[in-house]
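Read the structure below first, then the notes.
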Amino acid sequence: AMAAKVLVIYTGGTIGAVPEDPANPFSPLRPTDKEPLTRFIPNPLDGIFWHITGLTDDEDKPVPPLDSSSVGPKHWLWMTRTIHQAYADYDGFVVLHGTDTMAYTSSALAFLLQNLTKPVVITGSQLPIFKTRTDAIINFTSALSVAGYKANGLPCVPEVLIAFADRLLRGCRTTKVSTSRWQGFDSPNFPPLGRFGEHIVINSDLIRRIPDTGPAAFYAHNRLDSRVMTFPLFPGMQPEQIRSVLSLENVKGYVLRTFGSGNAPEDPGFLAVLADAVKAGKTIINVTQCFEGKVEMG
Ligand code: ASP
């Protein structure tokens, strides 16, 4: 088998956390530096040579490991930049990330990184890597195996993925479904792209295809507009409540999470509020609250 080179970007999360007070194992967990992560996984791992780095900001200064609740658009751009700069030097990429907002990050990276020809695999864990019962070692190893596909004869999956527990999921189709189960993630509206069991099995029919004529040039977006918000409809919502949300001055776009296949109350007051917002130049995207299926406009 060939050797593979993988860049691991450690952003924080439970996977790299240790008790805040080293003398008290029950004190709150805080993400720590990358050192413990290098101690528990061999390097090379079955022919996969991996290099671990942290996030750096716009001035190239190191960013301390974060609880993923604090991760947002600027961090997504920093991750994107790191991958973009190192793109030619590695066969694949692994992002170690807290589980809480991992699915937001995987969705964002899937759109920020265009025409990928290499895997970008995001993972984390429910328990820190130093714990005896940890899921970190299996998750990290699975992610490295997919990113370093060259070394173990797996197909290249040229997209942004989440590797977690026994499944490889499409990054922009995934959501966190459990705070504590090993299977913390699911992709309810699209089948898994792969399975981790005794063997790693990739479903080649489902993975993003690179055109036969060759890949289009890889590029990375370097800007995001944060003047966006999401909000769910709920029974009992008053037109005036939604009017104040839709008139926020520094919000241009709304992701409105509607009922079922895109339904909303028939109340004319409610519909008038939406129509006024659109007239005022707001963009409203209709998505469903359901985990499966899609909106049918009209
Ligand atoms: N609060 C942690 C985080 O998202 C949870 C985890 O990693 O599982 O950073």
Side-chain angles (χ1 to χ4, degrees), residues 8-22 24-41 50 52-57 62-80 82-83 93-110 112 120-144 146-147 160-188 192 196 226 230:
V8 178
I9 304 164
Y10 169 54
T11 68
T14 294
I15 190 165
V18 294
E20 180 174 64
D21 171 5
N24 175 8
F26 301 106
S27 60
L29 293 168
R30 294 265 181 269
T32 185
D33 65 76
K34 56 191 186 289
E35 192 277 329
L37 294 159
T38 60
R39 243 185 312 131
F40 288 91
I41 313 273
W50 54 279
I52 190 165
T53 183
L55 267 192
T56 52
D57 67 13
V63 178
L66 296 160
D67 186 287
S68 75
S69 299
S70 304
V71 171
K74 69 178 182 200
H75 309 97
W76 301 333
L77 291 174
W78 296 339
M79 293 174 210
T80 299
T82 301
I83 292 169
F93 300 86
V94 168
V95 177
L96 299 177
H97 198 287
T99 61
D100 288 347
T101 69
M102 184 187 292
Y104 290 86
T105 294
S106 63
S107 295
L109 295 190
L112 287 168
V120 175
V121 193
I122 309 182
T123 197
S125 60
Q126 298 285 32
L127 282 176
I129 200 159
F130 73 88
K131 290 272 197 182
T132 310
R133 295 180 60 251
T134 192
D135 53 334
I137 291 172
I138 187 74
N139 288 352
F140 192 0
T141 304
S142 297
L144 281 170
V146 172
V160 178
L161 304 151
I162 286 184
F164 213 86
D166 61 344
R167 290 180 302 176
L168 183 67
L169 303 170
R170 175 160 286 160
C172 60
R173 291 301 194 107
T174 298
T175 189
K176 184 173 178 180
V177 292
S178 175
T179 58
S180 56
R181 268 198 295 135
W182 296 140
Q183 295 191 343
F185 291 87
D186 198 3
S187 150
F196 303 107
S226 298
T230 174

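When a ligand or atom number is given, it counts from 1 through the structure's own listing order.
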> Does F130 CZ have over 12 foreign heavy atoms under 6.0 Å away?
Replying inline: yes
> Would you find more than 12 non-hydrogen atoms of other residues, nucleotides or ligands less than 6.0 Å from R133 atom CZ?
Replying inline: no
To which protein heavy atom is [atom] closest, and what is the distance rounded to 0.1 Å?
{"atom": "atom 5 (C) of ligand 1", "value": "T14 OG1, 3.2 Å"}
{"atom": "atom 9 (O) of ligand 1", "value": "S68 N, 2.7 Å"}
{"atom": "atom 8 (O) of ligand 1", "value": "T99 OG1, 2.5 Å"}

Judging by distance only, is a nitrogen or oxygen of [X] under 3.5 angstrom from one on ligand 1?
{"X": "T101", "answer": "no"}
{"X": "K176", "answer": "no"}
{"X": "D67", "answer": "yes"}

> Judged by non-hydrogen atoms, does S125 sit under 4.0 Å from ligand 1?
Replying inline: yes
> How about W50 and F93: are their ring centres within less than 6.0 Å of each other?
Replying inline: no
>> If you define the side chain from C-beta out and look only at heavy atoms, does anything of T174 sit under 4.5 Å from D186?
In response: no
> So do V146 and L168 actually touch side chain to side chain, heavy atoms under 4.5 Å?
Replying inline: yes
>> Testing the 3.5 Å rule here: is there a donor-acceptor pair between the side chains of T105 and W76?
In response: yes
>> Between K74 and D57, is the side chain to side chain contact (heavy atoms under 4.5 Å, CB included) condition met? List the steps.
In response: CA-CA 8 Å; K74 69 178 182 200; D57 67 13; over 6 Å; no
> At a non-hydrogen distance cut-off of under 4.0 Å, which region of A17 contacts ligand 1 (side chain, backbone, both, or neither)?
Replying inline: neither
> Against heavy atoms of G13, which atoms of ligand 1 measure under 4.0 Å?
Replying inline: 7 (O), 9 (O)
